[in-house]
Protein chains: 2
Amino acid sequence: MSDPHKKPARPEIPRKTVYRLSVYMRCLQRLKSNAIRTVSSEALAKAAGVKPTQLRKDLTYFGQFGTRGLGYDVEELGKMISDLLGTNSLQPVVLVGVGNLGSALLAYRGFEKEGFEIIAAFDALPKQKRDAVKPVYRMDKLKDFVRDRSVRMAILTVPATVAQEVTNELVDAGITGILNFAPFVLQVPEEVVVNNVNLAIELENLSYFIQS
Amino acid sequence: MSDPHKKPARPEIPRKTVYRLSVYMRCLQRLKSNAIRTVSSEALAKAAGVKPTQLRKDLTYFGQFGTRGLGYDVEELGKMISDLLGTNSLQPVVLVGVGNLGSALLAYRGFEKEGFEIIAAFDALPKQKRDAVKPVYRMDKLKDFVRDRSVRMAILTVPATVAQEVTNELVDAGITGILNFAPFVLQVPEEVVVNNVNLAIELENLSYFIQS
DNA sequence: AATTGTGAATTGATTCACAGCT
DNA sequence: AGCTGTGAATCAATTCACAATT
């Protein structure tokens, strides 16, 4: 799961709402590909695994989109949400730390259809893999690369011991959003946003809840 | 991040608290390896990225461990938390869906030092990779394998289109904890716990919060 | 003197209940 | 008649403030 946000962001949409908007968008995409034009809050909420009132409340944070008595226009609502989330344009992302998990994620091409592209990877000791699709550069190339290509987001897959140090370099280079896989709580300035993902913690959490 | 829990679990420890306990444990491990014996709620909370009162409140859910005026015993508190979380014994886990992300996670050996081992993988069309360390079996072997080895947890990395169907098979085989990477809201019976991880949603969320 | 443990207060999120459109 | 939009009510999580303990 992910974690703390310093900056509450533009108008005042709660963080949990923003997560759910992503979920709604995926449901809308599925409906659209099934040629469904219109959906009620009840049906969409069910697909998203939430209550209808929550869906409606979530939408009120950024406008009114429904037609009373009828429901929501699938395409229109999907467009509004993806505009809001800023997922209409392809976002370039760099990955830092090409170890175990890092190279796994580099090989995983599943981000691209969701609007994100890992355009390069960086490592202290880069070893370009034979069949690798992405270039792997040395850390000292990071700053110029990020500046030249106006990259704003980074995936951090370095060992916990160097996570803070590397984060400082990222921030210095101009990165403002970090998806952190290192099991370490990063210190960042106000304007930088960190989302934490820790697979071991997810498993541990499951493990607790299944011991009945 | 992850998502909904049907069963609130044994005494009544909130889900978010259980997550934070995992974080505290990692901080305690680090302190211990630095030969630090005792820690105050203030210091530990800072390392974990939370407020001291929250840490203390979290601990009260399962007992009293501190010494007033002094703090917590690093080793003792670590032991209590890992007992509670059930991370003292190695948990066997199966992975289902050896596609893009699935094989990435199979190659990633980082779970093992955290108490989890992927003991086998399953796929509709298994292709054993040359250098793969783990065996990949056909789906029809799943049920017997899970029963024979008493596996309780599964990592689900199949396409969204078949996620529900495969989940039904998992539940039928006796799996009670699922770490779901498929972008789909799974329906499961009461006693089964699902944690969702969606990397695209994490990136999307970042992308929203960095557009200032 | 320092630091925990915790009831009370506060803040935030979810759900209810129903008014308002179409 | 059906379904959205939303203020009010409820429920949950966090933080405060301070008494209790070493």
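The sequence lines fix the lettering, A, B, ..., with proteins before strands; numbering per chain opens at 1. Hydrogens, waters and symmetry mates are skipped; everything else that's a heavy atom, side chains included, is used. Note that the coordinates shown come from a computational prediction; the quantities given were computed from them, not determined experimentally.
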### Task
Could you check how far CD1 of Ile13(A) sits from C1' of dG12(C), rounded to whole Å?
16 Å
### Task
Mind listing the residues from residues 51-60 of chain B sitting with a heavy atom below 4.0 Å of DNA chain D? Number order is fine.
Lys51(B), Thr53(B), Gln54(B), Arg56(B), Lys57(B)
## Note on the structure
Under a 4.0 Å heavy-atom cutoff, the residues of residues 71-80 of chain B touching DNA chain D are none
### Task
Examine distances only and state if a side-chain atom of Arg30(A) and a backbone atom of Arg26(A) form a donor-acceptor pair shorter than 3.5 Å.
no
### Message
I'd like to know if Arg68(B) reaches the base of dT21(D) with its side chain, counting only an N/O donor and acceptor under 3.5 Å.
### Response
no
#### Entry: Length of the OH-C1' vector between Tyr61(A) and dG5(D), whole Å
13 Å
### Query
Taking Lys134(A) for the side chain and Ile118(A) for the main chain, is one N or O donor matched with an acceptor at less than 3.5 Å?
yes
### Message
I'd like to know if Lys143(B) and Glu169(B) make a salt bridge, using a cut-off of under 4.0 Å between side-chain N and carboxylate O.
### Response
no
### Check: Arg152(B) side chain, Ile210(A) main-chain N or O, donor-acceptor pair, under 3.5 Å
yes
### Task
Would you tell me if any nitrogen or oxygen in the side chain of Gln64(A) comes within less than 4.0 Å of OP1 or OP2 on dC21(C)?
no
### Query
In terms of ring plane angle, is the pair Phe111(A) and Tyr108(A) parallel, tilted or perpendicular, where the classes change at 30° and 60°?
perpendicular
#### Entry: Among dT22(C), dA13(D), dT14(C), the one nearest Lys16(B) by side-chain distance
dA13(D)
### Separation of dG5(C) C1' from Phe65(B) CZ (nearest whole Å)
12 Å
### Message
Between P on dT6(D) and CZ on Phe62(A), what's the gap in Å once rounded to a whole number?
### Response
13 Å
### Query
To the nearest angstrom, how far is Leu44(A) atom CG from dG2(D) atom P?
20 Å
### Query
Is there a donor-acceptor contact under 3.5 Å from the side chain of Ser207(B) to the main chain of Leu203(B)?
no
### Task
Determine: side-chain N/O of Arg20(A) to OP1/OP2 of dT14(C), distance under 4.0 Å, yes or no.
yes
### N/O donor-acceptor pair under 3.5 Å between Thr67(B) side chain and Tyr72(B) backbone
no
### Query
Within a radius of less than 6.0 Å around CD of Gln29(A), do more than 12 heavy atoms belonging to other residues, nucleotides or ligands occur?
yes
## Note on the structure
To the nearest angstrom, the OH-P distance between Tyr19(A) and dA13(C) comes to 14 Å
#### Entry: Non-hydrogen atoms of Gly97(B) and Thr157(B) that approach each other most closely
O-OG1, 2.7 Å
